[in-house]
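Take a look at the structure set out below.
Keep in mind that this is a model prediction, so the values were computed, not measured. Here is how names work: the chains are called A, B, and so on, in the same order as the sequence lines, proteins then strands, and each is numbered from 1.
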2 protein chains.
Amino acid sequence: MEYVEAKNKFIQTWGSLGSQWGINKTMAQIHALLMVSAEVLSMEDIMEELHISRGNASMNLRALIDWGIVYKEYKPGERREYFAAEGNLDELARKIAKERSKREIKPTIRVLKEVSDIATEDHQQAAHFKAKTAELYDFVSRADNMLEKITAQKENWITKTIFKLMS
Amino acid sequence: MEYVEAKNKFIQTWGSLGSQWGINKTMAQIHALLMVSAEVLSMEDIMEELHISRGNASMNLRALIDWGIVYKEYKPGERREYFAAEGNLDELARKIAKERSKREIKPTIRVLKEVSDIATEDHQQAAHFKAKTAELYDFVSRADNMLEKITAQKENWITKTIFKLMS
DNA sequence: TTAAACTTTCAGTACTTATTGAAAGTTTTG
DNA sequence: CAAAACTTTCAATAAGTACTGAAAGTTTAA
């Protein structure tokens, strides 16, 4: 396979992976493009490379910056903004984990707590519901906690975690 | 909050969580409903409770069964099929992790390997691309490996993992 | 074997989400 | 200050995804 073809394939794959994870395709593609680019890119560069509109590029770049996985860069003497992806993969994974926890897991935990707090009623259905959601609350809280623990270490957490799990 | 209201809130929340994770809303809602139901439910029951059509119920139940997190049950002397959710949360999480690894992570790893295998060219761009995708390949492989390790234990893996990580 | 009781399939349609592009906004420079 | 060079916003629309419902398929019982 040749460079241009490989690059394109990578961007497509990363993009479709994004959609499966609830991240929009363009956002994931921009991220992929920035990750494998040797140089920082301008919005114009990104629009051209991915064949997307200015508005689309602008909105998704902002989202990536909100997630903390893309940075703005300025070249001395130039007005135009350039963009670069977080280069450290540990850091990237940590930021994604943190963001998803904040946006999805934490709110779910809150709802689980809330709904499992209904008064204990006499009928079996309500009792079962209460028990089951309480169990879920416990489980999801622990899982979230584990995620925090795993990604707490700044350097090489995957390797360290695997090592610990093997002991 | 009262039982019916709590139950509804839980189903809605679980459903929207589903969409954020690339699982369709109805599929997640059916799963939620089955999880908190004290009794097994028929397709008719599910259609009525969630206000969905027969076709929708049928397709999403099949998908849940494919994932291995919902089972068919038969009542003696009855023709009709009933459905129940996997009750053990450890088992549920393990099956979801396994399925997502198979469907998403493994194919991504394959592409990463493929694209990082381009011939080393002389220009800087291609060299950078090769290096970056190779790094990603390494990282994602390790992460997938870690997921396998974590969910390998059948009982109480969250607790065990947290315990190990604290040591 | 036929009818009844049920489930699955899928073309059409509804709904949701992403994208465009032009107008409005912002910053910089002369 | 005005114009140039750029970015952001958002209403309209396109694209993608899920849902319906009726017809076809399957299984069971008589």
Side-chain angles (χ1 to χ4, degrees), chain A residues 11-34 40-67 70-84 100 103-104, chain B residues 11-34 40-67 70-84 100 103-104:
Chain A
I11 290 172
Q12 291 313 117
T13 304
W14 208 248
S16 78
L17 194 69
S19 355
Q20 286 168 323
W21 284 80
I23 288 157
N24 96 38
K25 196 185 67 185
T26 305
M27 187 171 155
Q29 286 182 339
I30 294 176
H31 182 248
L33 174 62
L34 290 174
V40 295
L41 301 178
S42 69
M43 199 151 105
E44 210 78 37
D45 296 334
I46 293 167
M47 287 164 57
E48 195 180 324
E49 189 107 30
L50 301 179
H51 305 285
I52 58 172
S53 72
R54 191 171 293 285
N56 198 6
S58 172
M59 290 177 93
N60 284 297
L61 277 166
R62 170 207 272 274
L64 285 163
I65 290 167
D66 283 349
W67 277 65
V70 161
Y71 308 109
K72 281 190 184 176
E73 306 246 329
Y74 297 93
K75 289 194 183 178
E78 276 202 57
R79 184 115 139 230
R80 179 177 295 196
E81 297 173 329
Y82 289 86
F83 302 90
R100 297 205 73 126
R103 294 181 193 215
E104 294 144 28
Chain B
I11 290 171
Q12 292 313 117
T13 303
W14 208 248
S16 77
L17 194 68
S19 356
Q20 287 167 320
W21 283 81
I23 288 157
N24 95 39
K25 195 186 67 183
T26 306
M27 188 170 154
Q29 285 182 338
I30 294 176
H31 181 249
L33 174 61
L34 290 173
V40 295
L41 300 180
S42 69
M43 199 150 104
E44 211 76 38
D45 295 334
I46 294 167
M47 287 164 56
E48 194 180 324
E49 189 109 28
L50 302 178
H51 306 285
I52 58 173
S53 71
R54 192 170 292 286
N56 198 7
S58 173
M59 290 177 93
N60 283 297
L61 277 166
R62 169 206 273 275
L64 285 164
I65 289 167
D66 283 349
W67 276 66
V70 162
Y71 309 111
K72 281 189 183 176
E73 307 246 328
Y74 298 94
K75 290 193 183 178
E78 274 201 59
R79 183 115 141 230
R80 179 176 296 196
E81 295 173 331
Y82 289 86
F83 301 91
R100 296 205 73 126
R103 295 180 193 216
E104 294 144 27

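Within residues 12-27 of chain A, the residues approaching DNA chain C are N24(A), T26(A), by heavy-atom distance under 4.0 Å. Near DNA chain C, meaning a heavy atom under 4.0 Å away, the residues from residues 41-61 of chain B are M43(B), R54(B), G55(B), S58(B), M59(B).
You'll find the side chain of W67(A) stays beyond 4.5 Å of the side chain of H31(A), heavy atoms only. With contacts defined as side-chain heavy-atom distances shorter than 4.5 Å, the pair R54(B)/M43(B) qualifies. No side-chain heavy atom of Y74(B) sits less than 4.5 Å from a side-chain heavy atom of Y82(B). Looking at heavy atoms from C-beta onward, V70(A) lies out of side-chain contact with M27(A) at the 4.5 angstrom threshold.
Boundaries of the chain A contact region on DNA chain D are dA4(D) to dC10(D), first to last in 5' to 3' order (nucleotide atom under 4.0 Å from a heavy atom).
For the atom pair CD1 of I46(B) and CD1 of I52(B), the computed distance is 7.5 Å after rounding to the nearest 0.5 Å. Note that OG of S53(A) is 9.5 Å distant from CE of M59(A), once rounded to the nearest 0.5 Å. Taking CD of E44(B) as the start and CD of E81(B) as the end, the distance is 12.5 Å to the nearest 0.5 Å. Here the straight-line distance linking atom CD1 of I30(B) with atom CE of M47(B) works out to 10.5 Å at 0.5 Å rounding. Rounded to the nearest 0.5 Å, atoms CD (E73(A)) and CG (L41(A)) are 10.5 Å apart.
Atom CD of E81(B) and atom C1' of dA5(C) are 12 Å apart (whole Å).
Of the options L61(B), L64(B), V40(B), a side chain to side chain contact (heavy atoms under 4.5 Å, CB included) to F83(B) is made by L61(B) and by none of the others.
At least one side-chain nitrogen or oxygen of R62(B) sits closer than 4.0 Å to the OP1 or OP2 atom of dT9(C).
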